[in-house]
Amino acid sequence: MRFGIYLPPKAEGEKCPVLYWLSGLTCTEQNFITKAGSQQEAAEHGIIIVSPDTSPRGCNIEGEDESWDFGTGAGFYVNATEDLWKINYRMYSYITEELPHLISSNFPADSERMSISGHSMGGHGALICALKNPGKYKCVSAFAPICNPMQCPWGQKAFNGYLGSDKSKWESYDATVLVSTYSGPQLDILIDQGRDDQFLAAGQLLPDNLIAACTEKKIPLVFRLQQGYDHSYYFVCSFISNHVKHHAKYLNA
């Protein structure tokens with residue numbers, strides 16, 4: 001597995017908090033580094049940013065490179081249970097356990113101050129990691145996340161392939177379902193969504209379902225529908241400074 005890491009100037013003299021960024025379908029660890037423009041804000045607030053790859057690569061699993069929305073570049077941040085995938089495709093454990101241990105062991109990272117964010121499939125990943133681990137992450141944000149994967153084509157394809165046909169297994173990786181059972185410290189969620197996002201119109205993202213679940217559970221959610229923006233990294237770049245500031249408020253409290 002590959003990852004990118006940004007170390008702010010402050011990290012030369014002390015341990016710094018870490019923001020984990022999870023990317024979307026087809027992305028590698030490079031997309032966020034080269035396209036998002038997060039470094040200036042991260043430098044100002046003294047935040048380390050870690051951007052892992054979106055799946056294992058080169059595992060020689062039958063079918064891993066056959067489609068863009070499953071297999072390579074599409075790990076969906078779950079621990080696979082199906083035979084072909086369960087040995088290598090353990091992205092949930094990688095993001096929540098293995099990678100943070102690796103980062104804190106090799107870089108000046110404060111393992112007690114972590115937060116998480118992401119885009120699209122990565123937004124889904126960020127939300128489930130935060131909801132499944134109350135108190136582990138100081139806050140969570142997302143850009144155009146897949147909010148209810150059990151109910152959309154992307155999620156159904158991935159979950160069926162990685163987790164099998166038993167939908168009760170799917171529930172533990174669906175943010176909208178997880179919200180209904182969340183009990184832990186208050187989790188302030190920030191989501192930006194482009195109004196002209198083609199995948200919003202296609203029913204892949206389903207933010208209304210998550211908003212309804214958060215409202216019922218009284219979990220604070222700021223959802224901003226941004227006029228004129230689509231699903232691209234131009235959208236992420238336009239609002240990433242807001243998100244880094246959101247995380248800094250909690251990471252540096």
Side-chain angles (χ1 to χ4, degrees), residues 1-5 20-35 50-103 105-106 116-133 142-178 199 202-206 231 233:
M1 294 293 296
R2 294 168 63 92
F3 65 87
I5 183 166
Y20 288 88
W21 172 271
L22 308 184
S23 290
L25 291 164
T26 75
C27 289
T28 70
E29 79 287 346
Q30 290 295 319
N31 294 71
F32 184 76
I33 298 168
T34 58
K35 296 179 179 179
V50 176
S51 56
D53 202 350
T54 53
S55 78
R57 294 181 187 266
C59 299
N60 298 315
I61 300 170
E62 182 183 351
E64 69 181 334
D65 296 319
E66 285 182 2
S67 58
W68 65 275
D69 55 358
F70 184 78
T72 301
F76 256 85
Y77 304 103
V78 304
N79 283 346
T81 55
E82 290 296 281
D83 285 344
L84 280 178
W85 309 94
K86 65 183 181 182
I87 294 175
N88 303 101
Y89 277 66
R90 298 183 56 79
M91 287 298 294
Y92 173 74
S93 291
Y94 174 66
I95 296 301
T96 59
E97 298 171 18
E98 183 180 344
L99 184 59
H101 177 71
L102 190 156
I103 295 300
S105 298
N106 292 278
I116 194 162
S117 184
H119 174 230
S120 193
M121 176 184 73
H124 142 76
L127 290 169
I128 65 166
C129 287
L131 290 165
K132 284 166 72 68
N133 296 278
F143 289 82
I146 302 171
C147 294
N148 194 184
M150 291 183 68
Q151 303 297 330
C152 77
W154 278 342
Q156 290 165 355
K157 178 176 181 178
F159 286 2
N160 193 64
Y162 295 134
L163 304 173
S165 58
D166 181 358
K167 293 188 178 180
S168 65
K169 291 182 178 179
W170 300 10
E171 293 179 350
S172 63
Y173 294 109
D174 186 306
T176 298
V177 176
L178 290 169
F199 299 117
Q204 294 281 22
L205 308 178
L206 304 174
H231 200 72
Y233 259 90

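If you read the sequence from its start, that first residue is 1, and numbering goes on from there. Owing to the predicted nature of the structure, the values given are computational and were not obtained by experimental measurement. Scope of the values below: all heavy atoms of this structure, side chains included, with no hydrogens, waters or symmetry mates.
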*Hey, does the side chain of W170 reach the backbone of S165 with a donor-acceptor pair shorter than 3.5 angstrom?*
no
*Measuring from I116:CD1 to C129:SG, what's the distance to the nearest 0.5 Å?*
4.0 Å
*Of all heavy-atom pairs between N79 and S93, which one has the smallest distance, and what is that distance?*
ND2-OG, 2.7 Å
*Determine yes or no for a side-chain-to-main-chain donor-acceptor pair under 3.5 angstrom, with T26 supplying the side chain and W68 the backbone.*
no
*Between S23 and Y233, is any pair of side-chain heavy atoms under 4.5 Å apart?*
yes
*Any chance you could measure R90, atom CZ, to T81, atom OG1, to the nearest 0.5 Å?*
10.0 Å
*Begin from the C-alpha positions of N148 and D174 and carry the test side-chain contact (heavy atoms from CB on, under 4.5 Å) through to its verdict.*
CA-CA 6 Å; N148 194 184; D174 186 306; 2.8 Å; yes
*asked:* If I take atom OG from residue S168 and atom CG from residue L163, how far apart are they, to the nearest 0.5 angstrom?
replied: 10.0 Å
*If you round to the nearest 0.5 Å, how far is OH of Y92 from CD of E97?*
7.0 Å
*For side-chain contact (heavy atoms from CB on, under 4.5 Å), just list the numbers for F3 and Y20, CA-CA rounded to whole Å, side-chain angles, deciding distance to a tenth of an Å, and then say yes or no.*
CA-CA 10 Å; F3 65 87; Y20 288 88; over 6 Å; no
*Can you tell me how far CD of Q30 sits from CZ of R2, rounded to the nearest 0.5 angstrom?*
6.5 Å
*Give a yes or no answer on whether the side chain of T176 reaches the backbone of C147 with a donor-acceptor pair at less than 3.5 Å.*
yes
*Please name the pair of heavy atoms, one in W154 and one in D69, separated by the smallest distance, quoted to 0.1 Å.*
CD1-OD2, 3.8 Å
*Would a distance-only check, ignoring hydrogens and angles, find a side-chain to backbone donor-acceptor pair under 3.5 Å from E64 to N60?*
yes
*Separation between CG of D166 and CD of E171, rounded to the nearest 0.5 Å*: 9.0 Å
*Looking only at heavy atoms, which two atoms of G203 and C152 are closest? And how far apart?*
O-CB, 3.5 Å
*Is a side-chain N or O of H124 found less than 3.5 angstrom from the main chain of F76, in a donor-acceptor match?*
yes
*Give the intermediate values and the outcome of side-chain contact (heavy atoms from CB on, under 4.5 Å) for residues M1 and M91.*
CA-CA 10 Å; M1 294 293 296; M91 287 298 294; 3.8 Å; yes
_Shortest non-hydrogen contact between A74 and S55, atoms and distance_ = N-CB, 3.9 Å
*Please examine the side chains of P52 and Y94, heavy atoms only from C-beta on, and report whether any two atoms are closer than 4.5 Å.*
yes
*Specify the closest pair of heavy atoms between L25 and M121, including all atoms of both residues, with the distance to one decimal.*
CD2-SD, 3.6 Å
*Give a yes or no on whether the ring-centroid distance for Y89 and Y162 is below 6.0 angstrom.*
yes
_S172 side chain vs K169 backbone, donor-acceptor pair below 3.5 Å_ = yes
*Could you tell me if the ring centre of F32 sits under 6.0 Å from that of H119?*
no
_Would the distance check show the side chain of N88 and the main-chain N or O of C59 forming a donor-acceptor pair, the cut-off being under 3.5 Å?_
no
*asked:* Is it the case that the side chain of Q156 and the backbone of M150 share a donor-acceptor pair, with hydrogens and angles ignored and the cut-off at 3.5 Å?
replied: yes
*With a 3.5 Å cut-off and no angle check, do the side chains of T96 and K132 form a donor-acceptor pair?*
no
*Identify the heavy atoms of L127 and P145 that sit nearest to each other, and give their distance.*
CD1-CB, 3.9 Å
*Under 3.5 Å, side chain of N31 to main-chain N/O of T28, donor-acceptor pair present?*
yes
